[in-house]
Amino acid sequence: MEKVVTRFPPSPTGHLHLGGARTALFNYLFAKHHNGKFILRFEDTDRERSKEEYVDSIKRALEWLGLLWDEGPYFQSERLELYQEYAKRLYEEGKAYYCECSKEFLEERKKALLEKGLKPRYEGLCREKKLPPGPGRALRIKVSEEEEIIFEDLLRGKIVFPPEEVDDFIILRSDGTPTYQFAVVIDDLTMGVTHIIRGDDHISNTPKQLLIYQALGVDLPYFAHIPMVLGPDGARLSKRHGAKSILEYKEEGYLPEAVINYLARLGWGYGDQEYFTLEELIEKFELNRVNLSPARFDPEKFLTFNAYWLKNLETQRILPHLKPFLSAYPISNYSEDYLLKIIESVRVRVKTLKEMAEMIDFYFLEELKYDEEAKKKFINAHTKPLIKALIEDLEKLDLEDEKAIERYFRGFAENSGVKLKDLAQALRIALTGKTVSPPLFEVMKFLGKEKVKLRLMKAIK
RNA sequence: GCCCCCAUCGUCUAGUGGCCUAGGAUACUGGCCUCUCACGCCAGAGACACGGGUUCGAAUCCCGUUGGGGGCGCCA
């Protein structure tokens with residue numbers, strides 16, 4: 001097989017969201033699985049809506065996900081001459097013609113046809129006029145009215161369109177810029193793209209693109225139309241329906257590993273396996289395992305995947321992602337080893353990095369933020385003397401030895417006639433300020449004797 | 001309106017004519033574990049959209065219906 005080349009061609013008119021990211025992922029995985037090349041290309045021929053800002057955010061999102069492109073990014077806006085050359089060729093070969101119909105006129109015709117219950121299509125008014133290029137004239141491709149248009153989709157098999165489905169469509173606007181249909185074909189052709197993997201909303205565009213390939217007299221690439229990602233409500237996932245950008249998930253404390261994994265499982269499966277690393281996906285990804293029906297995005301399950309990776313990824317790989325969430329604290333005062341141990345102790349208890357940061361903030365705070373209500377409840381006339389006694393005992397304890405501490409506390413509770421449960425809550429508040437924390441004896445160990453003593457004293461003051 | 005795609009638990013999926021009394025995950029319910037919160041473990045409930053064919057046999061193949069999604073731009 002020739003070398004596989006895939007591409008991801010976002011238009012920089014918005015941030016990268018889950019749907020786009022999944023398309024990028026599948027293209028990336030397919031290319032990497034076959035030792036091929038993955039190209040990034042920005043389709044920015046719509047100068048009105050394209051923004052530099054989005055180019056930047058899409059790139060950052062892909063980088064964060066680890067979907068690194070081997071070539072590009074290309075910009076269609078920088079390749080206008082190329083499109084014009086190809087268009088000129090089609091015009092000179094009589095395969096395309098100039099059209100002088102105004103937008104307003106076409107709009108009217110479309111309305112009229114629609115009212116008659118007909119398919120809105122260009123009626124070929126300028127087809128035989130043999131107009132030369134000129135201002136206000138768009139270039140249309142000549143389309144046969146008799147032949148069915150057939151193509152073989154890698155996932156769905158043969159797809160047939162009746163000839164009347166495609167009219168003489170525009171390939172070059174009257175301002176000389178190419179339309180999407182034309183630009184994609186020329187780009188994919190000149191960039192050597194072998195496999196076009198894209199959302200199935202493009203199925204209906206494919207016939208038009210096929211006709212361009214045909215007119216050009218070149219071989220077709222392979223097409224694979226993957227199902228779209230729908231919102232939880234089953235409606236199309238789109239920016240207007242509040243689809244969040246990938247970068248927003250980053251800010252909410254999602255791990256790229258989780259995003260990748262969840263996205264891969266939307267519309268793709270590998271037996272009963274649920275969890276995959278990027279490396280594993282590259283190894284196992286095959287197009288024939290892609291589902292054909294659209295998948296709904298389920299925030300709940302997405303969170304679960306994040307929780308899974310939070311508790312299974314090596315702590316060294318979590319730390320860099322966690323650091324931005326800890327920026328309010330002087331974490332540079334703590335060793336990496338210390339931070340890793342803390343991560344280890346809370347990773348099973350949280351679902352996002354944000355939650356993780358909140359859960360361990362007490363390690364870094366000079367002044368604890370107490371849950372006042374809980375403090376009142378658990379640090380009372382009954383427990384205060386006990387805490388005082390504990391402070392005395394602290395000197396002779398080895399906080400490094402968790403097991404020993406636990407034995408000591410169990411004994412202490414028994415002797416004092418309180419349940420460890422109740423004593424533990426009082427201590428938890430005193431040491432962390434909260435009612436929920438990592439295991440107490442671990443907290444003491446990591447805090448160290450000095451801080452434990454200080455915090456206990458402060459709590460009973 | 002016309003055209004195209006799709007159809008298994010709520011959701012993501014396994015399943016490619018007999019292994020299906022339909023498996024897993026998640027969410028849900030109950031229990032166990034337990035210093036809090038979690039994790040974990042055990043158990044439960046939960047689906048082949050419907051109707052016709054084909055076949056000895058259909059979740060799996062064919063047709064229709066219904067439902068969902070998409071497209072019909074000098075947007076991408």
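Chain A is the first sequence line, chain B the second, and so forth, proteins listed ahead of strands; every chain is numbered from 1. None of the values given here were measured: they were computed from a predicted structure.
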Q: Describe the nucleic acid contact of A:S437 in one word from base, sugar-phosphate, nothing, applying a heavy-atom distance below 4.0 Å.
A: base
Q. Where along residues 404-411 of chain A does a heavy atom fall under 4.0 Å from RNA chain B?
A. A:R410
Q. Looking for any heavy atom pair under 4.0 Å, which part of the strands does A:K421 touch: base, sugar-phosphate only, or nothing?
A. sugar-phosphate
Q: For A:K311, report the nucleic acid contact type (base, sugar-phosphate, nothing); a contact means any heavy atom under 4.0 Å.
A: sugar-phosphate
Q) Is B:C39 syn or is it anti, if syn means the base angle is within 90 degrees of 0? A) syn
(Q) With a 4.0 Å cut-off on N to O distance, would you call A:E78 and A:R41 a salt bridge? (A) no
Q.
Using side-chain contact (heavy atoms from CB on, under 4.5 Å), reason through A:I171 and A:Y86 one step at a time and then give a plain yes or no.
A. CA-CA 10 Å; A:I171 57 176; A:Y86 276 92; over 6 Å; no
Q.
What's A:V346 touching, base or sugar-phosphate or nothing? Going by heavy atoms closer than 4.0 Å.
A. nothing
Q | Contacts of type salt bridge (charged side-chain N to carboxylate O under 4.0 Å, His left out), residue A:E123, not counting sequence neighbours | A | A:R109
Q: Scan nucleotides 64-76 of chain B nucleotide by nucleotide, 5' to 3', and note B when protein non-hydrogen atoms come under 4.0 Å of the base, S if they reach only the sugar-phosphate, - if neither.
A: -----SBBBSBBB
Q. So does A:K244 pair up with A:E252, basic N to acidic O under 4.0 Å?
A. yes
Q: Would you mind pulling out the nucleotide paired to B:C50, Watson-Crick or G-U wobble, both distances under 3.5 Å?
A: B:G64
